[in-house]
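Atoms within a ligand are numbered from 1 in the order they appear, just like the ligands themselves. Keep in mind that this is a model prediction, so the values were computed, not measured.
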Amino acid sequence: MTELKVAVLGVGVMGADHVARITSQIAGARVAVVNDYITEKAEQIAAQIDGCRAVTDPLDAIAAADVDAVVLATPGTTHEKQLLACLEHRKPVLCEKPLTTDVSTSLEIVRREAELGVSLIQVGFMRRFDEEYMRLKALLDGGELGQPLVMHCVHRNANVPSYFDSTLIVKDSFVHEVDVTRFLFDEEIASVQMIKPASNPGAPEGVADPQIAIMRTESGKHVDVELFVTTGVGYEVRTEVVGAHGSALIGLDVGLIRKSARGSWGGQITPGFRERFGRAYDIEIQRWVDAVRAGAATGRYVDGPTAWDGYAAAAVCAAGVESLESGLPVDVQLADRP
Ligand code: ISE
């Protein structure tokens, strides 16, 4: 295939980032169409890119004859309709999380795609493309740690948007740890419990932050996660796996350590997820573009997490939200995989 013509729907933080990435870093693709509910923003971005136009209706963008594939970075509430349109027009799509905003519509998307008999939807769980997570995965698969038994995760943000409530900490932040667990251990999560310690006095009124999540996988592995999204400090994402023959830790984010004449030493803390996972996003998009371009021959237009992974993560988060209310462990309800 010649150069892949991509429509980027939604040019907020992530969408605009992807437009810049595809335009300047990614081989074999260009942004042909952009769309946003703020029309002027889309027009401004389109004006800066050769051969790119702004389209007002996202469904028109998906249907356009000069669009080969779609990046969905629109609000989650619009995903269901837009994903169904991508399936209808057989357009490969990279969908930023969430797949959809509830479990039943996510499952419906999985089923509709399965009926088509072709893999068109990839979900943007970018950590799977991060060098450190890839090395950890290779270590586990190589068997050197022996059987993995326990995982400890830390997920801290300096701050989050003002609309974040307690359930978004589960659905927007914890969801990454859910995907990491399924990715690293290659199995489903059976139950989840959310614990609410005393809240950070700096967190907005009524928001339970920090939260501690405890997951149990189908084979009985234990995963605990500290979620703390109003630390005011920086972006800290750590993962430690403890196996029968040793342990492995990623995410220390040490970088350069400087020692000064004043008798102090230290370094820089990564401010946010775009900086921490910038390289992972590059790899994710390049591999997706390559897979889509090869898709006609392979019948597979994804190289990474699928619609099923988006659905499974949503099912775990729904159990997490339920547990947030009761404080008790909640079993994850997962449909049979089509
Ligand atoms: C955000 O949406 C992300 O996806 C980040 O990776 C995560 O760290 C943050 O908590 C979320 O709000």
**OP:** Give the numbers and elements of all ligand 1 atoms closer than 4.0 Å to a heavy atom of H176.
**Re:** 3 (C), 4 (O), 5 (C), 6 (O)

Subject >> Y235 near ligand 1 by a heavy-atom separation under 4.0 Å >> reply: yes

Original post:
Do the rings of H155 and H176 sit parallel, tilted or perpendicular, given the 30° and 60° boundaries?
Top reply: tilted

**OP:** Measure the distance from atom 11 (C) of ligand 1 to every protein heavy atom, then report the residue, atom name and distance (to 0.1 Å) of the closest one.
**Re:** D172 OD2, 3.4 Å

Original post:
For ligand 1, which atoms sit closer than 4.0 Å to a heavy atom of K97?
Top reply: 1 (C), 2 (O), 3 (C), 4 (O)

Original post:
Hey, is F164 touching ligand 1 through its side chain, its backbone, both or neither, going by heavy atoms under 4.0 Å?
Top reply: side chain

Original post:
Do L139 and I250 share a hydrophobic cluster (ILVMFWY, side-chain heavy atoms under 4.5 Å, transitive)?
Top reply: yes

Original post:
With a 3.5 Å cut-off and no angle check, do the side chains of E80 and T105 form a donor-acceptor pair?
Top reply: no

Original post:
Which part of M126 is near ligand 1, with near meaning a heavy atom under 4.0 Å away: side chain, backbone, both or neither?
Top reply: side chain

Original post:
Any chain of hydrophobic side-chain contacts (each under 4.5 Å) joining I49 to I26?
Top reply: yes

Subject >> Point-to-point distance, once rounded to the nearest 0.5 Å, from CD1 of I195 to CG of L328 >> reply: 10.5 Å

Subject >> Best match, F277, F273, F174: closest heavy atom to atom 5 (C) of ligand 1 >> reply: F273

Original post:
What protein heavy atom is closest to atom 7 (C) of ligand 1, reported as residue, atom name and distance in Å?
Top reply: H155 NE2, 3.4 Å

Original post:
Please walk me through it: do R112 and E108 pass salt bridge (charged side-chain N to carboxylate O under 4.0 Å, His left out)?
Top reply: CA-CA 6 Å; R112 292 287 274 275; E108 182 55 26; 3.4 Å; yes

**OP:** Any chance you could lay out the salt bridge (charged side-chain N to carboxylate O under 4.0 Å, His left out) test for R238 and E236, step after step, and finish with the verdict?
**Re:** CA-CA 6 Å; R238 289 198 282 279; E236 296 175 80; 3.4 Å; yes

Original post:
What atoms in ligand 1 come closer than 4.0 Å to a heavy atom of S173?
Top reply: 9 (C), 10 (O), 11 (C), 12 (O)

Original post:
Where is the nearest protein heavy atom to atom 9 (C) of ligand 1: which residue, which atom, and how far?
Top reply: N157 ND2, 3.5 Å

